[in-house]
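In what follows, a structure is listed as structure tokens, so that the remarks can point back to it.
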Amino acid sequence: MKTAKLLILSLFALFNMTPASCFDAQTHSEIIKEALSGTLSEDNIKSVLAGSNLQEQDETDNEGEAQRHFNMNNLKRCCDYVKREQARVISFAGEADKDSTMCYKALFHLGMLLHTVQNFYSNTNYLSLITNNGELTSKDPYGSTSALVDWPQLFADLKSEKPQIKIVIEMDKSKRTTDTELARGMALRESIRQWNYIEKLITNKYGKSSGDIVSALKNGSVKETSD
């Protein structure tokens with residue numbers, strides 16, 4: 001009798017498990033704080049968080065726009081969104097050292113970007129491609145040692161008839177990773193990498209002014225705007 005009860009409880013737990021999908025708003029915020037603390041001031045991190053939090057709000061339809069969450073059966077559209085947000089950050093950053101509203105906008109869109117790339121690791125099959133029984137392999141499909149996705153190669157694969165690896169968005173939530181700790185760790189590392197990449201893009205585009213721009217994004221004054 002006891003065995004039968006245990007079996008019933010086990011089956012109940014199995015069929016009522018909530019499959020992992022995208023991180024909730026609190027998890028996104030925690031990852032961003034951990035990634036940027038010590039690099040950006042507390043006030044400037046709040047501007048990043050505002051952008052990330054907007055992605056979850058129904059009234060803006062951002063929560064309903066699946067490309068913002070790697071939650072649609074169109075990987076290219078999601079990747080195009082990532083590139084657009086990167087471009088917006090760099091564009092607004094051009095005046096960040098002179099205009100506190102532009103500084104806010106750059107950080108706000110950084111938050112939108114980070115929210116989206118974090119969900120890449122929870123909503124696609126990428127983690128299953130780079131792991132072996134839940135353990136990171138010594139060599140990921142793109143051949144790098146970081147195990148983070150190679151975005152340029154992914155963008156190239158999307159245009160190729162013979163992609164190097166086949167990354168897909170798992171629309172069936174039961175197939176998404178249940179290893180939330182691994183997904184969170186990858187999302188954290190990706191967030192740090194995205195900030196470093198933004199710094200590099202700013203340096204390449206703005207040259208001599210880049211130091212002042214990066215300094216403003218890190219510690220400059222920000223003025224919230226609804227635009």
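The figures here come from the full heavy-atom set of this structure, side chains too, leaving out hydrogens, waters and symmetry mates.
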#### Entry: Pairwise distance CG(L36) to CG(N44) - rounded to 0.5 angstrom
10.0 Å
### Query
How far apart are the C-alpha atoms of I90 and K205, what are their side-chain angles, what is the distance that settles it, and do they pass the side chain to side chain contact (heavy atoms under 4.5 Å, CB included) test?
CA-CA 8 Å; I90 301 306; K205 181 167 184 177; 3.7 Å; yes
### Message
Quick one, C78 and I169 - any side-chain contact, counting heavy atoms below 4.5 Å?
### Response
yes
### Message
If I compare all heavy atoms of E190 with all of L148, which pair ends up nearest, and what's the gap?
### Response
N-CD2, 4.0 Å
### Task
Could you tell me which non-hydrogen atom of I167 sits nearest to which non-hydrogen atom of L75, and how far apart they are?
O-CD2, 3.3 Å
### Message
Going by side-chain hydrogen bond (donor to acceptor under 3.5 Å, both in side chains), name the residues that satisfy it together with Q26, two or more places apart in sequence or in a different chain.
### Response
E30
### Query
Is M72 linked to L154 within one hydrophobic cluster, defined over Ile, Leu, Val, Met, Phe, Trp and Tyr using a side-chain heavy-atom separation of less than 4.5 Å?
no
### Summary
Closest non-hydrogen atoms of H69 and N123, given as atom of the first, atom of the second and distance, are O-ND2, 2.9 Å
#### Entry: N119 side chain reached by N71 side chain, heavy atoms, under 4.5 Å
no
### Query
Mind checking whether L49 and K33 have side chains closer than 4.5 Å, heavy atoms only?
yes
### Message
Filter on ring pair (Phe, Tyr, Trp, His ring centres under 6.0 Å), then keep only pairs touching residues 75-102, sequence neighbours left out; what's left?
### Response
F92-H109
#### Entry: Sub-4.5 Å side-chain heavy-atom contact between Y121 and V149
yes
### Task
Check whether any side-chain N or O of N125 sits under 3.5 Å from a backbone N or O of S128 as a donor-acceptor pair, and report yes or no.
no
### Message
For a quick test of reading the model, state the closest non-hydrogen atom pair linking S52 to H28 and the distance between them.
### Response
OG-CB, 3.8 Å
### Partners meeting side-chain hydrogen bond (donor to acceptor under 3.5 Å, both in side chains) with S100 (sequence neighbours left out)
none
### Query
Donor-acceptor pair, D157 side chain versus K162 backbone, under 3.5 Å?
no
### Heavy-atom side-chain proximity of T116 to E85 below 4.5 angstrom
no
### Query
Does the distance from a Lys or Arg side-chain N to an Asp or Glu carboxylate O, for D80 and R84, drop under 4.0 Å?
no
### Query
Is K83 atom NZ crowded by more than 12 heavy atoms from other residues, nucleotides or ligands, each under 6.0 Å away?
yes
### Task
Give a yes or no on whether the backbone of A187 and the side-chain of S191 come within a donor-acceptor separation of less than 3.5 Å.
yes
Contacts table for residues 208-223: side-chain donor-acceptor under 3.5 angstrom, sequence neighbours left out:
| residue | atom | partner | partner atom | Å |
| --- | --- | --- | --- | --- |
| S210 | OG | G207 | O | 2.6 |

## Note on the structure
Taken in chain and number order and not counting sequence neighbours, the residues that satisfy ring-ring contact (aromatic ring centres under 6.0 Å, His included) with F120 are F70, Y126, W151
### Task
Verify, without hydrogens or angle tests, whether S29 (side chain) and A25 (backbone) share a donor-acceptor contact under 3.5 angstrom.
yes
### Task
State, yes or no, whether a side-chain contact exists between I192 and R189 at a heavy-atom distance under 4.5 Å.
no
### Query
Given side chains that start at C-beta, do those of V168 and T124 come closer than 4.5 Å, heavy atoms only?
no
### Test item: side-chain donor near acceptor, D24 and T27, under 3.5 Å
yes
## Note on the structure
Of all heavy-atom pairs linking M112 and L54, the shortest is CE-CD2, 4.2 Å
### Residue N73 excluded, over 12 heavy atoms near CG under 6.0 Å
no
### Task
Please check if any side-chain donor atom of Q55 sits under 3.5 Å from a side-chain acceptor atom of E65, or the reverse.
no
### Worked check of side chain to side chain contact (heavy atoms under 4.5 Å, CB included) between L40 and L107
CA-CA 10 Å; L40 272 64; L107 294 170; 3.7 Å; yes
#### Entry: Single-linkage hydrophobic cluster, 4.5 Å side-chain cutoff, Y206 and M102 together
no
### Query
Between I202 and L113, is there a shared hydrophobic cluster once you connect ILVMFWY residues whose side-chain heavy atoms come closer than 4.5 Å?
yes
### Query
Stepwise, does the side chain to side chain contact (heavy atoms under 4.5 Å, CB included) test hold for W195 with L114?
CA-CA 9 Å; W195 166 257; L114 294 183; over 6 Å; no
### Task
Would you please name every residue forming a side-chain hydrogen bond (donor to acceptor under 3.5 Å, both in side chains) with D99, sequence neighbours left out?
T101
### Close side-chain approach of Q118 and R184, heavy atoms under 4.5 Å
no
### Message
Do L127 and L129 land in one hydrophobic cluster if side-chain heavy atoms of ILVMFWY residues count as linked below 4.5 Å?
### Response
yes
### Task
Classify the side-chain pair E224/S47 by whether it contains a donor and acceptor separated by less than 3.5 Å.
no
#### Entry: Closest heavy-atom pair and its distance - F155, C79
CE2-CB, 3.5 Å
